[in-house]
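Below, read A as the first sequence line, B as the second, and so on, with proteins coming before strands; counting in each chain starts at 1. Below, all heavy atoms of this structure are taken into account, side chains as well, without hydrogens, waters or symmetry copies.
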Amino acid sequence: MRLYDTFSRGLVELPPPPGPIRIYSCGPTVYQRIHVGNAVPFVLAMWLKRWLVETGYDAKLVINVTDINDKIYDAAPGASAQLAADASHWYLEDTDRLGLGRPDVEPTAVETVPDQVAMIEELIEKGFAYESDGDVYFRVTRYPEYGRLSGQRLDQVEEQEPNPRKEDPRDFALWKANKPGEDTWWESPWGRGRPGWHIECSVMAQKHLGPEFEIHGGGLDLVFPHHENEIAQSRALGHPFAKVWMHNGLLRLGDEEMHKSTGNDVSLKAALDAWGRETLLTFYLTGHYRKPLEYSDATLEAAAARAERFRDVFRGPSQPAPAGAWARFAAALDDDFSTPAALAVMHEWRDHELLRRALSVFGLESLAEEEAAPPEIADLATRRQAAREARDFDEADRLRDELEAAGWEARDEPGGYRLVRLR
RNA sequence: GGCGCCGUGGCCGAGAGGUUAGGCAGAGGCCUGCAAAGCCUCGUACAGCGGUUCGAGUCCGCUCGGCGCCUCCA
């Protein structure tokens, strides 16, 4: 399998694993319900793992929960711990609804604080970091490779607001001293405080995957500074860290109406409520993960139509796919996980078995299941069929309209009819 | 100022030097009591301008347009 690696700026062969393929993907900061765009890296990582398992690999996926962060303090002054707990619960609830299962490990920043303190101490000890008035900063100029991932040149990094505690304005925080209003803190060798964002991820990744692992994922917006800093911290201590950096493109909210809408309207929960998991997953499938994808009524409607087209395949007779059909599907995914190309191959199939297997990689095998009609609907359909057999077509059509009003479609077939749930 | 991404037919989106993408929408037809679904037929598109080449959406340069990041955005 080939993947695009941000670090080397090109496609690389997925390193053959001595053991499981180890994947870390940056999870959400829990300060509100996650946004429909926040779900992209989650979905991508789950799909990738499912695909690796499907192709015979062993894989271990870690997605963290960032429950210590400025955003949480800002969103819930004085009640940040409660907000983090609530939002963690929402996150699990909303991503569970995607029906893709859970990552193998979901560490939290809070439970990893002691490990973070230990790593910071080691960085200080080796001269890569310094304490300053209760804060600890990473000395960016001590790590010569700094900027390599993001292509930033240190001398071109924009000037920050002057911070007298920093030796260099470009240094980043590993530990922050507790400030008034911040209602959670931990004791440390530098006093009360809490870890910086970047160190959390470095530690959580390495705690569960070791000093070196195959893939590190996350949104493209995390390349700099977040991932750049993760690399710097980890490699400064001699840990090889991630071999492949996999970044997903950002979801765009294209519709004018979406622009006007509030944050809540584009939460994952709202998207699931409005479109359902099958349409939403199909929507994510239509775009290549590295490219921006537009979230709008039009693009979601198109996704719904695609999903319906797959359902129709299962309503018809199964026809064996030509030899090599699966290989073409596999080739699409093995080539930088091109789900749009894989989708195109799938649309050519009328082979129930094969299509179901392909859909199951993406958690969409439910498209193969027809919903059973409730008794009152079945009764309407029976009466309609009787009217048809009596050649009372006016009554038959009236009953069909009734069925449609109730959300069901009667499709006449040779020797009978089929009831289909309208979407 | 710096780093980087993107621009394909009405829409979404593959392809990456020479041969069909696929889906949605649309038109016509077959089938049907009428439909729906399905099947058949129909679109010659690659932002613009130069260049390389026998040949360029596909490589190079420039221009235009859209977008992301530049120290706590997935």
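- Looking at the side chain of A:Arg388, the nearest of the listed nucleotides B:A74, B:G33, B:C12 is B:G33.
- Taking the ring axis of A:Trp326 as reference, the NZ or CZ atom of A:Arg357 stays within 45° of it and closer than 6.0 Å to the ring centre.
- One interatomic measurement links the two molecules: CG of A:Leu149 to P of B:C5, which rounds to 13 Å at whole-angstrom precision.
- Residue contacts shown for A:Leu251 include a base, since a base heavy atom lies under 4.0 Å away.
- At a threshold of 4.0 angstrom between heavy atoms, the contacts of A:Asn69 include nucleobase atoms, whether or not backbone atoms are also involved.
- If you check B:C69 for Watson-Crick or wobble pairing at under 3.5 angstrom, you find it paired to B:G2.
- Here A:Arg315 does not reach the OP1 or OP2 of B:A37: none of its side-chain N or O atoms lies under 4.0 Å away.
- Checked against B:G38, B:A14, B:C12, the side chain of A:Ser338 finds its nearest nucleotide in B:A14.
- No option in A:Tyr289, A:Tyr284, A:Phe362 other than A:Phe362 meets the side chain to side chain contact (heavy atoms under 4.5 Å, CB included) test with A:Thr339.
- The separation between A:Trp349 atom CH2 and B:G22 atom P is 15 Å, rounded to whole Å.
- When rounded to the nearest whole Å, the span between CZ of A:Phe337 and P of B:G13 equals 18 Å.
- No cation-pi contact links A:Arg50 to A:Phe337, judged by a cut-off of 6.0 Å to the six-membered ring centre and 45° from its axis.
- Between A:Glu294 atom CD and B:G13 atom P the separation is 8 Å, expressed in whole Å.
- Within the 4.0 angstrom heavy-atom criterion, no nucleotide atom of any strand lies near A:Leu220.
- Within a 6.0 Å sphere centred on CD of A:Glu404, heavy atoms belonging to other residues, nucleotides or ligands number more than 12.
- At distances below 3.5 Å, at least one donor-acceptor pair connects side-chain atoms of A:Arg139 with backbone N or O atoms of A:Gly127.
- Nearest nucleotide to the side chain of A:Gln152, out of B:C12, B:G2, B:G33: B:G2.
- In terms of polar N and O atoms assigned as donor or acceptor, the side chain of A:Asp397 comes within less than 3.5 Å of the base of B:G33 in a complementary pairing.
- Residue A:Lys71 places at least one side-chain N or O under 4.0 Å from the OP1 or OP2 atom of B:C73.
- At the heavy-atom level, A:Gly316 lies nowhere under 4.0 Å from the strands shown.
- Within 3.5 Å, a donor on the side chain of A:Arg400 pairs with an acceptor on the base of B:C34, or the reverse.
- The nucleotide whose nearest atom lies closest to any side-chain atom of A:Glu348 is, among B:A21, B:C12, B:A35, B:A21.
- Contacts of A:Thr29 with the nucleic acid, taken as non-hydrogen atoms under 4.0 Å apart, involve only primed sugar atoms and P, OP1 or OP2.
- Within the structure, a side-chain polar atom (N or O) of A:Arg350 is placed less than 4.0 Å from OP1 or OP2 of B:C39.
- Across all strands, A:Ala341 comes closer than 4.0 Å only to sugar-phosphate atoms, never to a base (heavy-atom distances).
- One can place NE2 of A:His198 at 11 Å from P of B:C70, the figure rounded to the nearest angstrom.
- Within 4.0 Å (heavy atoms only), A:Ala410 reaches at least one base atom of the nucleic acid.
- Using a 4.0 Å heavy-atom cutoff across all strands shown, A:Arg411 reaches at least one base atom of the nucleic acid.
- Residue contacts shown for A:His288 are limited to sugar-phosphate atoms, with no base heavy atom under 4.0 Å away.
- Distance CD (A:Glu228) to C1' (B:G2): 14 Å, rounded to an integer number of Å.
- For A:Lys291 and B:C12, the shortest distance from a side-chain N or O to OP1 or OP2 is not below 4.0 Å.
- Look at A:Arg252 and you won't find any side-chain N or O under 4.0 angstrom from OP1 or OP2 of B:G66.
- The CG-P distance, from A:Asp401 to B:C34, rounds to 17 Å in whole Å.
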